[in-house]
Structures are given as C-alpha cells and as structure tokens.
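Quick notes on the structure that follows.
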Amino acid sequence: MICCSYCETENQGNDKNCSFGGAELKRQRPKIREFVYLELCERPFQELELSHTYDLLVLLRLVRAKRTKSYDLMITVQKAPDDVEIDQEL
C-alpha cells in the first residue's frame, strides 16, 4: 500500500495516481514557505504550481488586497474636481 502525501489515502502499490484526489503518488507534497510576499505572483506558472496550497491562498489574498487598494485610489482620483492644480515642482 502507498499512502498519498496530499490526502493520506491508502492506494494500491501499482497505482500511479491517488484513488481519492488524483494526485501523483510519487510526487512529494510541497512545504509551506516561511514568508510569502507579493512579488511571488510574478513567477512563472511552472514555479507556482510547485507551491503549497496554503502559500497560494496567502498570495491570492495579497494580490486581491493590492488590487483593491489600486481600485480605491483610482476612484478617489476620478472623484477629484477638474479644476484642481497640481504643483509641478514636486
């Protein structure tokens, strides 16, 4: 019997994929990173797919927070009066 490293379901010795979740039985489960930061979202898919699910969820939360902040700033700029003058010396 082979135990799946993702869901810990016992599978037959000749199976290539988990009978419950379909994960490759020979593939080891990714480790959780100590730190997840926003710049990780710019990595290629082949690198991200090797990440732990928890890390991807944290990264998704960071991306959504950044998107919300950008959207809120855009709305604030759109609400600004048209006759506002900006100091060009800054």
Side-chain angles (χ1 to χ4, degrees):
M1 290 285 209
I2 296 176
C3 189
C4 177
S5 63
Y6 287 90
C7 64
E8 298 185 9
T9 301
E10 291 185 1
N11 295 276
Q12 298 298 323
N14 57 353
D15 290 344
K16 291 183 179 183
N17 295 331
C18 176
S19 61
F20 179 74
E24 291 181 37
L25 293 175
K26 292 184 179 181
R27 184 182 239 182
Q28 290 299 316
R29 184 175 184 184
K31 303 291 182 209
I32 295 177
R33 294 176 187 253
E34 191 170 338
F35 298 101
V36 176
Y37 46 92
L38 188 59
E39 287 75 21
L40 287 175
C41 71
E42 298 173 4
R43 301 242 172 122
F45 176 77
Q46 291 78 12
E47 199 171 320
L48 288 174
E49 75 175 337
L50 301 175
S51 298
H52 193 277
T53 304
Y54 180 78
D55 292 337
L56 293 174
L57 289 171
V58 171
L59 185 58
L60 180 60
R61 179 180 288 175
L62 291 172
V63 169
R64 286 180 172 168
K66 182 71 170 182
R67 181 188 64 185
T68 300
K69 186 176 178 181
S70 298
Y71 177 78
D72 291 343
L73 181 60
M74 180 185 71
I75 295 299
T76 302
V77 169
Q78 286 179 345
K79 289 182 179 180
D82 292 332
D83 60 346
V84 173
E85 293 184 23
I86 300 173
D87 187 8
Q88 299 296 330
E89 295 181 14
L90 295 176

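- As a member of the Ile/Leu/Val/Met/Phe/Trp/Tyr network built from side-chain separations under 4.5 Å, F45 groups with nothing else and remains a singleton.
- Other members of the cluster containing L60 do not exist, because no ILVMFWY side chain is joined to it at under 4.5 Å.
- Within a 6.0 Å radius of CD in E49, more than 12 heavy atoms belonging to other residues, nucleotides or ligands are found.
- Taking the side chain as every heavy atom from C-beta outward, Q12 and D15 approach each other to under 4.5 Å.
- Residues satisfying the side chain to side chain contact (heavy atoms under 4.5 Å, CB included) test with S19, not counting sequence neighbours, are T9, N11.
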Identify every side-chain donor-acceptor pair in residues 72-80 under 3.5 Å, counting partners at least two apart or on other chains, and give the distances.
unit_1, atom_1, unit_2, atom_2, d
T76, OG1, D72, O, 2.9

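- Here L25 is tied into one hydrophobic group with I2, each link being a pair of ILVMFWY side chains closer than 4.5 Å.
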Expected list for residues 31-42: side-chain donor-acceptor pairs under 3.5 angstrom, two or more places apart:
unit_1, atom_1, unit_2, atom_2, d
Y37, OH, R43, NH2, 3.3

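- Between the CD atom in E24 and the SG atom in C4 there is a gap of 10.5 Å [rounded to 0.5 Å].
- With sequence neighbours left out, the side chain to side chain contact (heavy atoms under 4.5 Å, CB included) criterion links A65 to no other residue.
- By the side chain to side chain contact (heavy atoms under 4.5 Å, CB included) test, E10 pairs with M1, sequence neighbours left out.
- With hydrophobic clusters built from ILVMFWY side chains whose heavy atoms lie under 4.5 angstrom apart, Y54 does not share a cluster with L50.
- Under the side chain to side chain contact (heavy atoms under 4.5 Å, CB included) criterion, R67 pairs with R64, not counting sequence neighbours.
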